[in-house]
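Just below is one structure, and these are the notes that go with it.
Every number for a ligand or one of its atoms is a count from 1 in the order of the listing.
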Amino acid sequence: MEKFPKKKFQELVKNIQYHNNLYYNNDSPEISDAEYDTLINEYKNIKKLFPEETMQSDILNKIGGRASDLFSKFNHPTRMLSLDNAMSEEDLKNFQKKISNFLNKKGSDFEFSSEPKIDGLSVNLIYKNGKLVTAATRGDGQIGENITDNVITIKDIPKILKTKSPPVSIEIRGEIFITKNDFMKLNTENKFANPRNAASGSLRQLDSKVTAKRPLKFIAHGFGSFTEEKSSYYDQLIEFKSWGIPISPFLKKAKNLKDLIKIYDEVNKKRAEIPYDIDGLVYKVNNLSFQNRLGIVGKSPRWAIAHKFASETAQTEIKKIDIQIGRTGSVTPVARLKSINIGGVLVSNATLHNFEEIEKKIFVRVTPLLLKEQVM
Ligand code: IVH
């Protein structure tokens, strides 16, 4: 039996907490989602192999960030959840199997919805008798920040629902984001690392006049407490659309995993053409009474999963190569790149770890002599 890698585990926990803080509280991630997912998978693997030694640690059950002191706090009437990830078809089969077992039904007895996982910020919109009264960030899932004044400036979000018989009260959830094109226009001074940070920074402004000038968009992907719901998630979203709430143009129904994988492959192929950053698809059990029966495990619903795309690769130009010399005298060549958006992160530097690699990658022979001269 392998020995519990205590030190490694502690470092991993610290590392994940560090990146959580950057992502959720400072809007400035240093690593891509794919790299973050690798850390999480490593954490989960160690927890699985050493359940007793790692019992005390449950960082995955704490959602997102905490509400900052900049805004007043808002207690969500229904908790805002997170999603488990599926990285492979194997993971999807397990997802379906668990649902089958739990509902005591065959896989063919329940269908799914599918829509892109938008890389933005989730918000909770509270409508009372059809009027938008509060908007709040997710925060830790239970307590978020009250950002109503800022959200009111977003044109996509109706202040009054377009219906003669609005529900007495409803929480509509969705993603606020900035399109890739709008990001390029907005970010001429490279202030933000990616569209998600730009959306988050724009939304959490103390002066709503600043928010009003930012090209924020909204797409709904769920709802909280609501007594007059339809029988399926898909139909519910279509009703939202008739009320003037934007929903995903890629929202689809699927009969089984085969259909879902077909949709996944199609969307993955045209990912670059989709005007905003997405990092996978979200599948949900479509029948709402099944969703209610399936309920929640930890911080995620049993009835939904995020099927992630493999990390994106991209090509760009190397503008120049600088040589960095570390404290110990170690020499690291760093490529300065023409900035490129890879999976939502604006990349403008790449560390080139050794000269053979550089030679392979840029197809040009780098003369070691020249590099030595630059070093000196
Ligand atoms: S469903 C039901 N659908 O992803 C539980 N979330 O990792 C959660 N997200 O906090 C929401 N696109 O901010 C759902 N089509 C989509 C989504 C989506 C993006 C975000 C959302 C959520 C996070 C979970």
Considering only heavy atoms, does [X] approach ligand 1 within less than 4.0 Å through its side chain, its backbone, both, or neither?
{"X": "Glu175", "value": "side chain"}
{"X": "Trp303", "value": "side chain"}
{"X": "Ala304", "value": "neither"}
{"X": "Ala306", "value": "neither"}

Quiz item: Would Phe9 and Phe50 count as a close aromatic pair, with their ring centres under 6.0 Å?
Solution: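 No, ring centres 6.0 Å or more apart.
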
Nearest-contact summary for [atom] - protein heavy atom, Å:
{"atom": "atom 12 (N) of ligand 1", "value": "Ile118 N, 3.1 Å"}
{"atom": "atom 10 (O) of ligand 1", "value": "Arg138 NH1, 2.9 Å"}
{"atom": "atom 3 (N) of ligand 1", "value": "Lys284 NZ, 3.1 Å"}
{"atom": "atom 8 (C) of ligand 1", "value": "Leu81 O, 3.7 Å"}
{"atom": "atom 6 (N) of ligand 1", "value": "His221 CE1, 3.5 Å"}

Exercise. Using a strict cut-off of 4.0 Å, indicate which atoms of ligand 1 neighbour a heavy atom of Glu115.
Key: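 Close to Glu115: 15 (N).
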
Practice problem: Can you measure from OH (Tyr127) to CD1 (Ile160) and round to the nearest 0.5 angstrom? | Solution: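 Here the interatomic distance stands at 9.0 Å.
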
Quiz item: Does the pair Tyr233 and Lys284 meet the rule for a side-chain hydrogen bond (donor to acceptor under 3.5 Å, both in side chains), with working shown?
Solution: CA-CA 8 Å; Tyr233 172 76; Lys284 296 167 189 165; 2.9 Å; yes

Self-check item: Shortest non-hydrogen separation from Pro195 to Asp277 and the atoms involved
Solution: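 Minimum heavy-atom contact is CG-OD2, 3.2 Å.
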
Quiz prompt | Whether Gly120 lies under 4.0 Å from ligand 1, heavy atom | solution =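 In this structure, Gly120 fails to qualify as a contact of ligand 1 - no heavy atom is under 4.0 Å.
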
Any link between [X] and [Y] through a network of hydrophobic side chains (Ile, Leu, Val, Met, Phe, Trp, Tyr) touching at under 4.5 Å?
{"X": "Phe177", "Y": "Phe250", "value": "yes"}
{"X": "Leu83", "Y": "Phe95", "value": "no"}
{"X": "Leu103", "Y": "Phe112", "value": "yes"}

Practice problem: Would you indicate which of Leu83, Asp279, Asp119 comes nearest to atom 5 (C) of ligand 1 when only heavy atoms are counted? | Solution: Leu83

Practice problem: Go through Gln142 and Asn75 one step at a time and tell me if the side-chain hydrogen bond (donor to acceptor under 3.5 Å, both in side chains) criterion holds. | Solution: CA-CA 6 Å; Gln142 191 54 64; Asn75 203 337; 2.8 Å; yes

